[in-house]
J.: 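Quick one: this structure, given as structure tokens, is what I'll be asking you about.
So you know, we letter chains A, B, ... as the sequences are listed, proteins then strands, and number each from 1.
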Amino acid sequence: MLDINYIRLNQVEVMNMLHQRQLAVEVPRLQELLDLDKERKELVQRSDDQKALRNKVSKEVADIKKSGQGSAEELIVRMKSVSEEIALMDNRLSQLEEEMESILLALPNKLHSSVPAGKSAAENEVFGEPVTFVHNLDFPVKNHLELGKSLGILDFERGAKVSGAGFPAYMGKGARLERALINFMLDMHTENHGYTEVFPPFFVNRESLRGTGQWPKFADQVYHMQEDDLYAIPTAEVPVTNLHRGEMLDNGALPISYAAYSACFRREAGSYGKDTRGFLRVHQFNKVEMVKFTRPEESYEALEQIRRNAEAILIALKIPYRVLLLCSGDISANAAKCYDIEVWSPAEQKYLEASSCSNFEDYQARRANIRFKPNGKSKPEFVHTLNGSGLATSRLMVSLLEHYQTAEGNIRVPEVLRHYTRFDEITAP
RNA sequence: GGAGGAUUAGCCUAAUUGGUAAGGCAGCAGUCUUGAAAACUGCCGGGUUCACGCCCAUGGGGGUUCGAGUCCCUCAUCCUCCGCCA
């Protein structure tokens with residue numbers, strides 16, 4: 001959420017930002033917001049004046065009653081009508097504030113100056129050089145579906161029977177490999193990168209979704225448990241960031257870094273037909289997420305850290321990847337700056353998104369009211385929040401299986417995972 | 001699911017039969033000091049104002065009242081107990 005004072009003072013910047021994000025349709029809403037803001041300010045002033053009067057006269061009533069001298073009847077009658085007037089104005093005020101909030105919640109974040117201008121994903125910039133590793137795939141490669149089926153480690157059909165399409169079951173050594181990946185990533189982040197491990201709740205309330213910005217924008221992409229009004233998390237970002245919702249963080253404790261495993265649930269409504277085979281798009285997948293809370297001046301260095309921490313996983317696994325700096329037309333509404341990390345799929349012959357690393361600046365912190373007291377100041381400020389996948393296992397698994405397949409159709413386990421799998425190879429049963 | 005108790009600012013704690021939130025700690029700035037501590041002064045929830053000030057804020061939301069931390073309803077969370085269940 002943007003600060004209404006910021007919007008009022010920087011209307012041109014906000015309008016430019018909307019155009020850069022290809023969201024020109026929101027511009028009329030911006031004007032609507034400013035009109036509401038103006039009406040609200042005037043009404044607050046009038047309501048406050050009447051409240052001041054009521055407070056003053058109520059004190060006089062108290063004095064009269066205490067001293068027992070004279071009658072307060074007339075004052076009480078007058079204040080009764082003043083109170084009714086105040087109630088009318090305050091009703092209109094809460095109406096105005098509700099309308100303003102619904103616009104504010106839908107407005108996207110500012111863009112960082114380093115975000116390239118662009119209309120769509122086609123204009124994202126490749127950041128640095130693609131990183132490659134030698135895998136001798138000098139034979140016809142199988143895709144992850146064929147490998148998963150022939151080795152008996154992935155069962156999409158039975159997963160579909162149990163739940164529906166997009167709910168894969170991992171079997172035998174496939175299940176162990178998945179668990180190994182998760183453990184390896186968590187250990188790396190906690191032992192080498194300084195993150196504190198969190199095992200978060202998988203269902204959250206609406207306040208939490210609103211705090212991180214999934215509500216109201218992506219409400220239709222989240223599974224909802226109606227009976228208890230809970231939502232299945234689309235990413236650990238939601239519960240982990242909201243751990244500190246409404247809190248005043250200790251300045252000395254910043255920056256705070258959390259790494260969390262969670263299952264992630266996404267309805268993926270409306271996205272059928274595109275990249276839907278196998279693991280390319282699923283309703284449930286596993287992910288290790290990194291979340292940071294920082295002082296504002298430290299957040300962009302923290303973003304680079306998160307990106308490097310995610311890359312470190314791929315380097316250790318020797319999986320080829322590239323980093324994209326998302327352009328203004330493709331970056332998500334909540335983020336001020338975002339890197340995507342994509343792994344190479346030899347079977348698909350294309351890159352697949354496996355991580356997204358974002359700086360939200362104070363956009364989420366303002367929604368979720370997460371503050372701290374800076375050194376040398378007594379007034380609280382909003383922290384900056386960041387997160388990055390480190391990483392999502394589904395597409396990582398696609399690339400891993402495909403890169404580590406042998407001519408015989410077996411899978412060699414990457415060196416760094418053998419400690420976790422306690423087997424070196426997956427062979428057909 | 002049922003019964004009782006609790007929730008006041010970053011933390012801790014007050015507030016007559018309803019009369020308009022008082023303190024303490026921590027933190028920050030300053031005075032003093034060679035430096036620090038101590039002591040002293042100011043700041044120390046949000047909004048608005050050049051400022052004085054004014055308004056809001058006692059877990060959330062309603063209600064009664066001229067006036068609600070206080071009375072009523074409701075929801076949430078925590079604690080204790082009962083019931084049910086893994």
J.: Taking side chain as C-beta onward, heavy atoms only, is A:K337 less than 4.5 Å from A:S114?
T.: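 They are in side-chain contact.
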J.: Examine B:rG45: is either OP1 or OP2 under 4.0 Å from a nitrogen or oxygen in the side chain of A:K373? Give yes or no.
T.: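 For A:K373, the contact criterion (side-chain N or O under 4.0 Å from OP1 or OP2 of B:rG45) is not met.
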J.: Sort by first number and list every stem of RNA chain B: at least 3 consecutive Watson-Crick or G-U wobble pairs, both distances under 3.5 Å.
T.: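 Expected stems, ordered by start: B:1-7 with B:76-82, B:10-12 with B:23-25, B:27-31 with B:39-43, B:45-48 with B:53-56, B:59-63 with B:71-75.
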J.: Under 4.0 Å between any heavy atoms, over every strand shown, what does A:K65 touch: base, sugar-phosphate, or nothing? Just pick one.
T.: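 Base, at least one base atom sits under 4.0 Å.
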J.: What is the ring orientation for A:Y261 with A:F199, classed by angle as parallel under 30°, tilted 30 to 60°, or perpendicular over 60°?
T.: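 Aromatic pair A:Y261/A:F199 classed perpendicular.
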J.: Counting the benzene-type ring for Trp, do A:F279 and A:F156 have ring centres under 6.0 Å apart?
T.: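 Yes: the rings meet the under 6.0 Å criterion.
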J.: Considering only B:rG47, B:rC44, B:rG19, which nucleotide approaches the side chain of A:S58 most closely?
T.: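 Of all the options, the side chain of A:S58 is nearest to B:rG19.
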J.: Using the side chain to side chain contact (heavy atoms under 4.5 Å, CB included) rule, pick out the option among A:L386, A:T385, A:N387 that qualifies with A:N359.
T.: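 Checked A:L386, A:T385, A:N387 against A:N359; only one passes side chain to side chain contact (heavy atoms under 4.5 Å, CB included): A:L386.
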J.: For A:E97 and B:rG46, give me the distance from atom CD to atom C1', rounded to whole Å.
T.: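 Roughly 12 Å, once rounded to whole Å.
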J.: Taking the side chain as everything from C-beta on, heavy atoms only, tell me whether A:L303 gets closer than 4.5 Å to A:Y339.
T.: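 Yes, close enough: below the 4.5 Å cut-off.
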J.: Is there a side-chain contact between A:Y231 and A:F265 in this structure, where contact means two heavy atoms from C-beta onward sitting under 4.5 Å apart?
T.: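 Side-chain contact under 4.5 Å: no.
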J.: Return the residues of residues 74-84 of chain A meeting this criterion: a heavy atom under 4.0 Å from some atom of RNA chain B. Order them by number, or give none.
T.: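 Within this stretch, A:I76, A:M79, A:K80, A:S83 sit under 4.0 Å of the strand.
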J.: Hey, does A:E402 have a side-chain heavy atom less than 4.5 Å from the side chain of A:S345?
T.: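 Yes. Closest side-chain heavy atoms under 4.5 Å.
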J.: Would you mind telling me which of B:rG47, B:rG45, B:rU20 lies closest to the side-chain atoms of A:N55?
T.: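 Closest of the options to the side chain of A:N55: B:rU20.
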J.: Over all strands shown, is A:V57 touching base, sugar-phosphate only, or nothing at heavy-atom distances under 4.0 angstrom?
T.: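 A:V57: no heavy atom of the nucleic acid under 4.0 Å.
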J.: What's the CG-P distance between A:D229 and B:rG60, to the nearest Å?
T.: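 Taking CG of A:D229 and P of B:rG60, I get 20 Å after rounding.
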J.: Which of residues 42-53 of chain A sit near RNA chain B, with a heavy atom under 4.0 Å from it?
T.: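 Contacts with RNA chain B under 4.0 Å: A:D48, A:K51, A:A52.
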J.: Count the heavy atoms of every other residue, nucleotide or ligand shown that sit under 6.0 Å from CD of A:E98, and state whether that count exceeds 12.
T.: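 Not more than 12 within 6.0 Å, no.
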J.: Rounded off to whole Å, could you give me the CD-to-P distance for the A:E381 and B:rG46 pair?
T.: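 Going from CD in A:E381 over to P in B:rG46 covers 11 Å.
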J.: Measuring only between side-chain heavy atoms, which start at C-beta, is A:L396 closer than 4.5 Å to A:L314?
T.: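 They are in contact (side-chain heavy atoms under 4.5 Å apart), so the answer is yes.
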J.: Taking atom P of B:rU48 as reference, at what distance in whole Å does atom NZ of A:K38 sit?
T.: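 So the two atoms are 17 Å apart, to the nearest Å.
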J.: Given atom CZ of A:R206 and atom P of B:rC75, what is their separation to the nearest angstrom?
T.: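 One finds 18 Å between P of B:rC75 and CZ of A:R206, rounded.
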J.: Regarding A:N369, tell me which of base, sugar-phosphate or nothing describes its non-hydrogen contacts under 4.0 Å with the strands shown.
T.: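 The residue A:N369 makes no contact with any strand.
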J.: Write down the distance between CE (A:M89) and C1' (B:rC55), rounded to a whole number of angstrom.
T.: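 Those two atoms, CE and C1', are 12 Å apart.
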J.: Do the two ring centres, one from A:F202 and one from A:Y223, sit under 6.0 Å apart?
T.: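 No, too far apart.
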J.: Judged by each residue's nearest nucleotide on RNA chain B, which is more toward the 5′ side, A:M248 or A:K56?
T.: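 It is A:M248 whose nearest nucleotide is closer to the 5' end.
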J.: Are any of the side-chain heavy atoms of A:R21 and A:N109 separated by less than 4.5 Å?
T.: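 In contact.
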